[in-house]
Amino acid sequence: QKEVEQDPGPLSVPEGAIVSLNCTYSNSAFQYFMWYRQYSRKGPELLMYTYSSGNKEDGRFTAQVDKSSKYISLFIRDSQPSDSATYLCAMKNSGGSNYKLTFGKGTLLTVNP
Amino acid sequence: GAVVSQHPSWVICKSGTSVKIECRSLDFQATTMFWYRQFPKQSLMLMATSNEGSKATYEQGVEKDKFLINHASLTLSTLTVTSAHPEDSSFYICSAPDGSGANVLTFGAGSRLTVL
């Protein structure tokens with residue numbers, strides 16, 4: 001079993017739809033959870049960053065972490081064509097100087113106008 | 001915000017040659033930088049941790065003699081792919097902690113290497 005599982009999609013939705021992206025993981029030591037957005041042929045950019053369980057909202061984006069189920073989600077409300085990209089979940093152990101991230105494969109999202 | 005710049009953004013080379021990729025932190029200092037590799041439709045895989053003033057730390061399965069890393073200053077790390085072969089063709093991405101103290105990595109735009 002891989003440490004982080006993410007459905008690669010592709011996922012295609014109409015503009016304005018609510019998008020749900022998910023990852024599951026097996027390593028209970030993961031404490032920090034991130035979502036990155038990666039446009040084609042570009043490096044990942046950080047979207048959301050959460051610590052431990054709970055919800056975090058930033059504009060149209062909401063990140064949820066359920067450590068008991070080892071499951072994290074990213075919701076995108078009122079999706080826009082500019083949201084079309086690959087979304088990568090990433091996780092890591094405790095903080096300090098440990099920056100080693102474990103990534104999911106990424107989900108390719110297309111928002112159709 | 002913190003910006004990491006990579007150069008070149010894409011490079012094509014012949015098999016057997018060496019290619020150098022630069023990673024610079026533009027507005028902050030980075031004692032540590034990270035090099036990732038990403039194959040098509042695959043996840044980012046950490047190759048090595050670049051440490052300013054000391055040797056890089058390589059992940060299991062990554063050949064240190066093939067992927068030479070030098071962290072010459074607090075703003076520059078280089079990855080040299082030596083004696084490149086077609087199977088080394090990939091997207092190489094560097095990153096660095098953004099210095100905010102929030103354990104966040106800032107990524108460069110990546111360098112696409114194609115070995116003919």
Side-chain angles (χ1 to χ4, degrees), chain A residues 1-11 21 23-27 29-52 56 58 63 85-110, chain B residues 1-11 21 23-26 30-52 56-60 62 90-114:
Chain A
Q1 180 186 13
K2 292 185 178 179
E3 276 197 300
V4 179
E5 298 274 6
Q6 183 177 8
D7 186 342
L11 181 61
L21 304 167
C23 287
T24 59
Y25 62 96
S26 58
N27 187 347
F30 288 141
Q31 297 280 348
Y32 295 84
F33 304 90
M34 287 139 276
W35 285 94
Y36 283 85
R37 178 174 60 195
Q38 186 177 23
Y39 292 111
S40 180
R41 300 176 185 254
K42 297 294 184 183
E45 58 175 323
L46 182 68
L47 270 181
M48 301 288 284
Y49 172 88
T50 54
Y51 171 70
S52 195
K56 185 174 184 178
D58 184 0
T86 296
Y87 289 80
L88 299 149
C89 63
M91 315 175 183
K92 72 182 190 76
N93 295 347
S94 59
S97 60
N98 174 20
Y99 292 98
K100 183 174 180 178
L101 300 181
T102 301
F103 282 87
K105 279 190 176 182
T107 300
L108 177 61
L109 170 67
T110 301
Chain B
V3 177
V4 173
S5 174
Q6 264 186 261
H7 178 80
S9 56
W10 58 271
V11 58
I21 301 170
C23 178
R24 295 181 184 274
S25 56
L26 294 188
T31 56
T32 304
M33 292 184 176
F34 302 89
W35 287 95
Y36 288 82
R37 179 167 54 184
Q38 185 179 34
F39 291 106
K41 298 186 179 182
Q42 297 295 316
S43 182
L44 278 78
M45 296 299 296
L46 180 64
M47 298 176 64
T49 301
S50 174
N51 304 299
E52 188 269 335
T57 305
Y58 291 83
E59 296 299 303
Q60 188 174 11
V62 178
S90 187
F91 195 49
Y92 293 87
I93 312 174
C94 70
S95 68
D98 71 352
S100 68
N103 301 318
V104 172
L105 286 181
T106 297
F107 285 82
S111 300
R112 184 163 299 281
L113 169 64
T114 300

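So you know, we letter chains A, B, ... as the sequences are listed, proteins then strands, and number each from 1.
With a 4.5 Å cut-off on side-chain heavy atoms, E59(B) and M45(B) do not count as touching.
Residues K92(A) and M34(A) come closest through the heavy atom pair CG-CE, 4.2 Å.
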- Task: Go through the steps for Q6(A) and T107(A) under the test side chain to side chain donor-acceptor pair (under 3.5 Å), then give the verdict.
- Result: CA-CA 7 Å; Q6(A) 183 177 8; T107(A) 300; 3.3 Å; yes
- Candidate pair Q38(A) and F107(B), rule side-chain contact (heavy atoms from CB on, under 4.5 Å), full reasoning: CA-CA 10 Å; Q38(A) 186 177 23; F107(B) 285 82; over 6 Å; no
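For I93(B), the part sitting under 4.5 Å from any heavy atom of chain A is the side chain, from C-beta outward, and nothing else. At a 4.5 Å heavy-atom cutoff, the contact between P44(A) and chain B is made by backbone and side-chain atoms alike. The part of Y36(A) that comes within reach of chain B is its side chain, from C-beta onward, which places non-hydrogen atoms under 4.5 angstrom from that chain. In this structure, no portion of Q6(B) lies under 4.5 Å from any heavy atom of chain A.
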